[in-house]
2 protein chains.
Amino acid sequence: MRAITGWQEARDEALARIRARDWAPGERIPDEVALAEAWGCARATVNRALRDLAEQGYLERRRKGGTRVPLTPVRRATLTIPIIRQDIEERGQKPGYRLLSDLVETPPETLQQIMGTLPLRHIRALHLADDAPYCLEDRWLNPAVSEDVDFTALSPNEWLVGNVSYSEGTLAFHALPADAAHAEALNCAPGTALLALDRSTRAETPITWVRLTYAPGHRVEAGL
Amino acid sequence: MRAITGWQEARDEALARIRARDWAPGERIPDEVALAEAWGCARATVNRALRDLAEQGYLERRRKGGTRVPLTPVRRATLTIPIIRQDIEERGQKPGYRLLSDLVETPPETLQQIMGTLPLRHIRALHLADDAPYCLEDRWLNPAVSEDVDFTALSPNEWLVGNVSYSEGTLAFHALPADAAHAEALNCAPGTALLALDRSTRAETPITWVRLTYAPGHRVEAGL
DNA sequence: GGCTGGAATATGTATGCACATATTAACGCT
DNA sequence: AGCGTTAATATGTGCATACATATTCCAGCC
């Protein structure tokens with residue numbers, strides 16, 4: 001076979017063999033040195049290619065154990081965490097924003113396990129796309145982080161992205177029925193099925209917990 | 001400062017500087033050669049570290065343009081695509097499966113755009129966790145791929161993973177209200193808000209389109 | 001002034017080498 | 001046979017070097 005030039009080509013070649021079941025699931029594939037020789041490239045190039053495939057779940061690698069095609073490949077999808085304004089703009093719509101409430105409250109029991117028991121700043125805000133409701137931002141914020149920021153014109157989402165980002169966190173999707181508040185804000189009937197995204201963010205201390213509840217029919221797409 | 005030993009340490013050092021806004025958003029950071037010299041390691045090591053951070057959205061890199069901290073960091077979360085049986089087992093529950101229907105039909109208009117117009121094999125099946133409904137698998141399958149596979153005992157999900165995997169696809173989350181069929185299968189009231197995951201898979205030709213509708217209250221978690 | 005083409009530059013990648021490390025496999029002892 | 005120690009081995013990583021490539025920037029031209 002023709003010599004392989006770059007690591008991407010090596011990756012494609014390897015993926016082709018996996019897809020063709022030339023390298024069968026559960027089987028060990030030739031080691032890096034052998035592949036490098038067979039493909040006429042350096043071991044580092046093969047390494048890069050196989051490492052890339054392993055990151056995507058197409059291969060499993062272990063020291064000394066060699067590289068093998070997993071029997072049940074756990075594929076990973078990547079999901080770009082939404083920055084709401086950008087999200088809307090990318091859809092070719094005009095973003096809008098309205099602050100609904102901004103209070104200091106004691107969070108409910110379930111939230112206290114994540115954010116602690118201290119009173120938190122509770123912000124509710126509505127994001128609009130072409131003047132139609134897009135999503136409801138229901139956020140609990142560590143007051144030590146936000147201090148005196150004014151969210152009447154700037155959404156907490158946007159402020160956080162610009163000021164407290166680059167942090168750790170968790171993320172989960174679920175569905176919930178619209179309650180009265182959702183119904184009014186998102187302009188839908190109570191009980192409507194809504195997609196919600198819960199996200200908690202922390203650095204050294206808990207920073208924020210937010211639930212984004214999208215307008216009816218919204219879809220969140222993931223890549224790969 | 002002390003010399004950096006590995007690329008992970010270099011990555012941590014860089015991430016610390018980003019978090020500390022030592023490298024401010026929008027600003028160019030020193031180039032690889034400078035960092036390598038400052039940190040007492042090879043440029044390849046710095047490259048690996050910064051490349052890793054760029055993949056996670058913490059940095060933006062462009063040839064000749066240098067590396068900079070993005071103003072609005074687009075963070076990426078990774079989401080492991082569920083293999084239902086494993087999913088259930090990892091929760092410490094007993095997986096179960098029941099085939100509901102298996103027919104050859106003409107797909108609805110919206111699906112024809114993805115899967116083509118030919119008649120498709122339409123399979124409906126229920127997955128159980130500890131004998132309780134877990135999720136409903138509503139699948140349209142290219143008959144050329146599945147031929148005469150019997151899905152009474154083995155779920156299409158599992159069969160596909162073992163036989164037609166390593167392919168491309170798309171994935172999206174949304175919420176929908178339970179219709180009569182959902183209600184019966186998932187043992188909930190009609191209209192209940194349900195989380196659904198649509199996934200289409202293709203290699204050279206379209207392979208399958210599936211909607212997994214989860215039992216009420218289910219959450220799908222993403223990492224990072 | 002505006003456009004074009006060429007130099008300068010930062011990242012991208014390939015290579016050969018060396019050594020580290022995790023794990024398996026083999027060996028030898030009791 | 002069973003067990004613990006040791007050697008073998010595949011991947012993980014670091015480094016120095018060289019060249020490739022995409023952009024930016026600037027100079028020079030019209």
Side-chain angles (χ1 to χ4, degrees), chain A residues 1-15 17-18 22-71 73-74 76, chain B residues 1-15 17-18 22-71 73-74 76:
Chain A
M1 83 173 284
R2 177 179 106 270
I4 293 245
T5 68
W7 70 270
Q8 314 208 20
E9 207 170 321
R11 169 174 52 84
D12 295 345
E13 175 65 28
L15 187 51
R17 297 205 182 196
I18 294 169
D22 193 358
W23 294 340
E27 292 295 305
R28 262 182 75 166
I29 73 171
D31 66 51
E32 294 184 347
V33 184
L35 287 176
E37 195 179 350
W39 290 347
C41 62
R43 183 169 83 91
T45 306
V46 177
N47 181 282
R48 181 95 152 80
L50 298 187
R51 179 159 38 87
D52 192 74
L53 288 173
E55 271 169 16
Q56 292 174 63
Y58 285 116
L59 288 174
E60 277 174 2
R61 322 195 73 201
R62 274 162 55 207
R63 279 183 180 172
K64 160 76 180 173
T67 302
R68 54 185 61 225
V69 183
L71 278 171
V74 178
R76 302 185 227 322
Chain B
M1 81 174 286
R2 176 179 108 269
I4 293 243
T5 68
W7 70 268
Q8 314 207 17
E9 207 171 321
R11 169 174 52 85
D12 294 346
E13 175 65 28
L15 187 51
R17 298 206 182 193
I18 294 168
D22 193 359
W23 293 340
E27 292 297 306
R28 261 182 74 165
I29 73 172
D31 64 54
E32 294 184 347
V33 183
L35 287 176
E37 194 177 353
W39 290 347
C41 61
R43 181 169 85 89
T45 306
V46 176
N47 181 283
R48 182 97 152 78
L50 299 186
R51 179 159 37 88
D52 193 75
L53 288 172
E55 271 168 17
Q56 293 175 63
Y58 285 116
L59 288 173
E60 278 173 1
R61 323 196 71 201
R62 271 161 55 206
R63 278 181 177 169
K64 161 75 180 176
T67 302
R68 56 186 60 225
V69 184
L71 279 170
V74 177
R76 290 174 197 77

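Just so it is clear: chains get the letters A, B, ... in the order the sequence lines come, proteins before strands, and each one is counted from 1. All figures in this text were calculated on a predicted structure; none of them were measured in a lab.
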### Query
Can you tell which of D:dT13, D:dG14, D:dG12 lies closest to the side chain of B:Arg48?
D:dT13

#### Entry: Reported CZ-to-CD distance for the pair A:Arg11 and A:Glu13, which is rounded to 0.5 angstrom
12.5 Å

### salt bridge (Lys or Arg N to Asp or Glu O under 4.0 Å) partners of residues 24-49 of chain B, not counting sequence neighbours, each pair once
B:Glu32-B:Arg43, B:Glu32-B:Arg61

### Task
Check B:Cys41 against B:Val46 and note the closest heavy-atom contact, atom names and distance.
SG-CG2, 3.8 Å

Write out a two-atom table: protein N or O, nucleotide N or O from nucleotides 7-9 of chain D, distance below 3.5 Å.
from  : atom 1 : to      : atom 2 : distance (Å)
D:dT9 : O4'    : A:Lys64 : NZ     : 3.3

### Task
For B:Pro30 and for A:Arg43, locate the closest nucleotide of DNA chain C by heavy-atom distance; then report the residue assigned to the nucleotide nearer the 5' terminus.
B:Pro30

### Query
Can you tell me how far P of D:dT24 sits from CD of B:Glu60, to the nearest Å?
13 Å

#### Entry: Under the side-chain contact (heavy atoms from CB on, under 4.5 Å) test, residues paired with B:Pro70 that sit two or more places apart
B:Glu60, B:Pro73

### Message
Please identify the 5'-most and 3'-most nucleotides of DNA chain C with any atom under 4.0 angstrom from a heavy atom of chain B.
### Response
C:dA8 to C:dT13

### A:Asn47 side chain near D:dT13 phosphate (N/O to OP1/OP2, under 4.0 Å)
no

### Distance in angstrom units between B:Glu32 CD and D:dC15 C1', rounded
14 Å

### Query
What is the distance from atom CG of B:Leu35 to atom CZ of B:Arg17, rounded to the nearest 0.5 Å?
7.5 Å

### Task
Check side-chain contact (heavy atoms from CB on, under 4.5 Å) between B:Glu55 and all other residues, then give those that pass, not counting sequence neighbours.
A:Glu55, B:Arg51, B:Asp52

### Task
Tell me what B:Gly6 touches on the nucleic acid: a base, only sugar-phosphate, or nothing, going by heavy atoms under 4.0 Å.
sugar-phosphate

### Contact nearer the 5' end of DNA chain C, comparing B:Ile29 with B:Ala44
B:Ile29

### Query
Is any side-chain heavy atom of A:Ile18 closer than 4.5 Å to a side-chain heavy atom of A:Leu59?
yes

### Query
In chain order, what residues pass the side-chain contact (heavy atoms from CB on, under 4.5 Å) check against B:Ala14, with sequence neighbours excluded?
B:Trp23, B:Trp39, B:Leu50, B:Leu53

### Query
Given atom CZ of A:Arg51 and atom P of D:dT13, what is their separation to the nearest angstrom?
7 Å

